[in-house]
Structures are given as structure tokens and as C-alpha cells.
Amino acid sequence: MNLPATPRIPLLTRGTLAAAAVMACAALVFFVTHGYQTGWRLTGEHWDAGYYFKIATSGYRADPTQALLAFLPGYPIFLAPAAQLLPNHPFLASFITSSILSIIGGAALYRLLRRRLDAWTSLAGIALLAFSPFSIYLYNGYSESAFLLAAALALVWLAGGRPVPAALATGYAFLCRPYALALAVLFIPVAWRLLRERDIWKLGWIVVLGTLPTLLYCAYLYHAFGDPFIPLKSLADWHKYQSISHAWPRPIRTLYAFLFAFRDSSPGSWSLSLAMYPLAACATLAAAARLPARLVVYSLLVLACVYLTDALIPLNLGRHAMLAFATGPALAAVIYGRERGPAWTAAAQHAAFAIAFLFFMGTFIVMGIHFSLGQWVS
């Protein structure tokens with residue numbers, strides 16, 4: 001039985017450009033917030049951003065302690081041109097690079113959403129993603145922007161029946177974040193179909209393109225440092241001594257996370273970080289029937305990976321849970337429902353979206369202020 005093909009969406013539509021504009025507006029809000037808080041000195045190469053910028057300018061050999069080896073090269077590869085042009089302005093180079101990646105990634109995600117949602121709901125979902133509290137990491141020197149672009153392209157190409165370029169995008173996503181494992185799982189049905197059709201040639205290309213970026217990176221590590229797995233070891237040692245709670249069973253860590261995040265002496269951003277995880281899970285499950293199936297599966301798998309790695313310790317939980325890119329679109333899909341009702345229902349839906357959007361934007365600005373002042377927000 002031949003099923004009708006999914007209609008192709010033109011590459012540039014008003015909706016795609018609007019989605020890109022929404023992401024650009026969020027980037028601009030972050031830039032203005034950061035500039036105002038720093039007196040327009042535009043400093044802010046805090047934490048991971050400083051490591052990524054050093055890799056982009058000087059490579060992995062720039063740090064004799066080898067702390068840089070815990071950071072993957074996917075984002076520094078994109079950052080390198082701007083870093084070379086603006087070696088004395090790390091924040092500006094990182095902001096320009098991350099904003100461009102996030103704008104393209106948001107536009108690609110909009111194209112994926114339009115396969116199941118109407119234009120307005122898709123744009124509302126992009127807006128909630130662009131201004132979510134921890135989306136400030138899409139516009140500064142962190143790897144989230146490169147991962148968004150790679151993941152969005154992989155999902156779009158898979159939905160369009162183009163698994164070969166999707167495999168390449170997934171392979172590059174592995175150079176940005178290990179959570180790309182959630183994308184790799186989506187290729188299981190594709191591989192099974194190709195095996196049944198005995199299309200070994202295409203299956204081989206998928207395997208080669210999906211693994212080639214990681215293999216090349218491992219070959220470089222072996223050549224430069226004599227150990228292709230040194231980033232995993234560095235990251236394991238890093239987390240091993242980060243908190244004594246990592247030695248506890250995960251159920252205990254989960255209960256500990258609530259106590260630690262909501263006790264009186266804890267910063268409010270950690271409470272928000274913990275709250276974002278169940279919000280992402282509940283919203284994605286609530287709107288699962290309306291969203292593209294691959295986006296739902298990917299996001300739920302990311303949340304599972306986040307739990308297994310962070311175990312609800314709220315230190316980086318909000319930032320990592322943000323990588324479940326279905327959260328914003330899921331909230332929009334829940335707000336606007338499946339069918340259009342009378343005028344008063346539509347007005348109530350728009351009011352609900354406005355409240356959610358303003359709350360997200362407010363916390364987005366507050367998080368940007370804390371980040372600009374060098375305060376830990378993740």
C-alpha cells in the first residue's frame with residue numbers, strides 16, 4: 001500500500017523567516033541585557049564559554065592541565081572564524097556565532113513543527129523555546145547552539161525521508177553533546193527498513209557519515225595525546241569529585257535534589273532549574289499526540305539521558321533539560337488545543353500564551369542578568 005507523501009515545505013516561507021526573527025529577537029534581548037549589566041564592556045567569558053573560546057583560538061594544547069579535553073570540538077569549530085577575527089572580544093565572538101547557529105536551528109525546528117501544527121502554534125512554540133529561562137545558553141559561548149542546529153537539521157531531514165544527510169547532522173551532534181545518542185536511536189527503524197529492502201549501500205552511508213566525525217576526533221586525540229578516549233576520562237574524573245551525592249543511589253539523589261533546591265539558603269535559580277525538568281517531561285507527554293513523533297521521542301530520550309547523568313542534581317539540570325526541544329512547542333500545543341473554538345475561547349488561549357510568554361521572558365532576562373554578573377545560573 002502506497003501512502004501519500006508528506007508535502008514538502010518551501011525552504012523560505014514567511015513562517016520560517018518569522019521563526020528566525022523570533023530567535024533573533026531573543027538574542028538581541030540577551031545582548032542588550034548583558035551590555036547594560038556590564039556597562040557595555042561586553043565581558044562574560046564565564047565557565048564553559050572561556051574553555052570553548054580558548055579551544056577555538058589556540059586548540060586543545062593551550063592548557064597544560066588538559067582541562068580543555070573535557071570539552072568537545074563541535075562548537076569551537078563554528079566559533080573559530082569569529083574567534084580569530086575578534087581575539088580580544090571573546091563574548092562578542094561567541095554571541096555572534098551562537099546567535100547565528102540558534103537562528104538557523106530555530107528556523108529548521110519551525111519547519112519540523114509545521115508538519116503537524118499550524119503556523120501560529122508553531123511560532124508560539126518557537127517563541128517559548130527562544131525565551132525559555134535557560135535559553136540564554138543558546139546565545140552565549142556554550143555548545144547548546146551548535147547542538148540545536150545539528151539536532152534540528154537531523155530531525156527535519158529524517159522527517160523528510162533523507163536519512164543520509166540526517167546521519168551526518170547526527171554525527172556532528174555527537175561532537176557537540178553526548179545527548180546526540182537520543183538522535184541515533186531514531187535511526188533504528190530506518191536501518192531495519194533498509195535491511196528489509198536490502199539497500200546495504202544507503203545503510204552503509206548512514207553508518208559511515210554518522211560515525212565519521214567521532215572517528216576523526218578520536219584519531220586526532222590518539223595522534224595528539226596518545227589516548228582516543230581521554231575526553232571521557234577527563235569528564236568522568238570531573239564529575240567524580242564534583243559532589244559527594246554522586247555516590248548515592250539515584251532515588252536518594254532525587255529526594256536530595258528537592259531538599260537542596262528549595263531550602264531557604266539555596267539560590268532561586270537552582271529551584272527553577274529543578275522545576276524545568278518535570279515541566280519539560282509533562283508538557284512533552286501531554287502534547288505527544290500533536291507534535292512530530294520523532295521530536296517527541298528524541299526529547300523524552302534526552303530527558304532520560306539527563307536524569308541518568310545529572311540524577312536531578314539541580315546544578316546543570318535546567319540547562320540540560322532545555323535540550324529537549326519539544327518543551328516550548330508542547331506548551332504551545334497544549335495552550336491552543338486541537339480545534340479552534342468560539343471567539344472567547346481563542347481570546348482565552350491568546351491570554352494564556354501571553355502569560356506563559358511574559359513569565360518566560362521575565363525569567364529569561366533575570367537569568368541573563370545573573371549570567372552577566374558572573375553569578376551561577378545553571
Open item on the list: I'd like to know whether OH of Y220 has more than 12 heavy-atom contacts from other residues, nucleotides or ligands below 6.0 angstrom.
Closed with: yes

TODO: Indicate the atoms forming the closest heavy-atom contact of R294 with A159, along with that distance.
DONE: NH1-CA, 3.8 Å

Task: Check: S99/S102 side-chain N/O donor and acceptor closer than 3.5 Å - done: no

Open item on the list: Could you report the tightest heavy-atom contact between S94 and G141, atom names first, then the distance?
Closed with: CB-CA, 3.5 Å

- [ ] Name the orientation class of the two ring planes belonging to F325 and F147 (parallel below 30°, tilted from 30 to 60°, perpendicular beyond 60°).
- [x] tilted

Task: Test of ring centre spacing under 6.0 Å for Y139 and F31 - done: no

Task: F359 with I335, same ILVMFWY side-chain cluster at under 4.5 Å - done: yes

Open item on the list: Same cluster or not: F225 versus L175, using hydrophobic residues (I, L, V, M, F, W, Y) connected whenever any side-chain heavy atoms lie under 4.5 Å apart?
Closed with: yes

TODO: Taking R290 for its side chain and G337 for its backbone only, find out whether a donor-acceptor pair lies under 3.5 Å.
DONE: yes

TODO: For residues Y172 and F78, establish whether the separation of their ring centroids is below 6.0 Å.
DONE: yes

Open item on the list: Applying a strict under-4.5 Å side-chain criterion to I, L, V, M, F, W and Y, I'd like to know whether Y179 and V185 cluster together.
Closed with: yes

Task: Side chains of L300 and L285 in contact at under 4.5 Å (non-hydrogen atoms) - done: yes

Task: Nearest-0.5 Å distance that lies between atom OG1 in T121 and atom CG in L113 - done: 10.0 Å

- [ ] Could you tell me the separation between the OG atom of S145 and the OH atom of Y137, rounded to the nearest 0.5 Å?
- [x] 13.0 Å

Task: Atom pair CD1 (I369) and OG1 (T38), whose distance is rounded to the nearest 0.5 Å - done: 11.5 Å

TODO: Decide yes or no for F71 and K54: does some side-chain heavy atom of the first lie under 4.5 Å from some side-chain heavy atom of the second?
DONE: no

Open item on the list: Donor-acceptor pair, distance only, cut-off 3.5 Å: does the side chain of N316 make one with the backbone of R319?
Closed with: no

Task: Side chain to side chain, V164 and L168, heavy atoms closer than 4.5 Å - done: no

Task: Side chains of P178 and L72 in contact at under 4.5 Å (non-hydrogen atoms) - done: yes

Open item on the list: Under a plain distance cut-off of 3.5 Å, with no hydrogens placed, do H320 and Y277 share a side-chain donor-acceptor pair?
Closed with: no

Open item on the list: Please report the interatomic distance SG(C218) to CG(D227), rounded to the nearest 0.5 Å.
Closed with: 9.5 Å

- [ ] Following the transitive rule for hydrophobic clusters with a side-chain heavy-atom cut-off under 4.5 Å over Ile, Leu, Val, Met, Phe, Trp and Tyr, establish whether L373 and L272 coincide in one cluster.
- [x] yes

Task: Donor-acceptor under 3.5 Å (Q349 side chain, Y336 main chain) - done: yes

- [ ] Establish, yes or no, whether a centroid distance under 6.0 Å links the rings of F364 and F131.
- [x] yes

Task: N/O donor-acceptor pair under 3.5 Å between S98 side chain and N140 backbone - done: yes

Open item on the list: If hydrophobic clusters are built by linking Ile, Leu, Val, Met, Phe, Trp and Tyr wherever their side-chain heavy atoms come under 4.5 Å apart, do I104 and M23 end up in the same one?
Closed with: yes

Open item on the list: Would you say that more than 12 heavy atoms from the other residues, nucleotides or ligands in this model lie under 6.0 Å from the CH2 of W205, or not?
Closed with: no

- [ ] Using a 4.5 Å cut-off on heavy atoms from C-beta on, say whether the side chain of P163 contacts that of W157.
- [x] no

Task: Heavy-atom donor-acceptor pair, T13 side chain to T16 backbone, under 3.5 Å - done: yes

Open item on the list: Let me confirm one number: the OG1-CD1 distance from T97 to I77, rounded to the nearest 0.5 Å.
Closed with: 12.5 Å

Task: Flag side-chain contact, heavy atom, 4.5 Å: L42 against H34 - done: yes

- [ ] Please work out which of the three classes, parallel, tilted or perpendicular, describes the rings of F353 and W120, given edges at 30° and 60°.
- [x] perpendicular

Open item on the list: Whether R177 and E144 form a salt bridge (side-chain N of Lys/Arg under 4.0 Å from carboxylate O of Asp/Glu) is what I want to check.
Closed with: yes

Open item on the list: I188 vs W192, test: side-chain contact (heavy atoms from CB on, under 4.5 Å). Steps then yes/no.
Closed with: CA-CA 6 Å; I188 294 177; W192 176 247; 5.6 Å; no

TODO: Identify the two heavy atoms, one from A146 and one from C176, that lie closest to each other, and give their separation to 0.1 Å.
DONE: CB-SG, 3.7 Å

Open item on the list: Can you confirm whether W201 is buried at CH2, in the sense that more than 12 heavy atoms of other residues, nucleotides or ligands lie under 6.0 Å from that atom?
Closed with: no

Open item on the list: When you compare the side chain of W47 with that of Y52, does any pair of heavy atoms fall below 4.5 Å?
Closed with: no

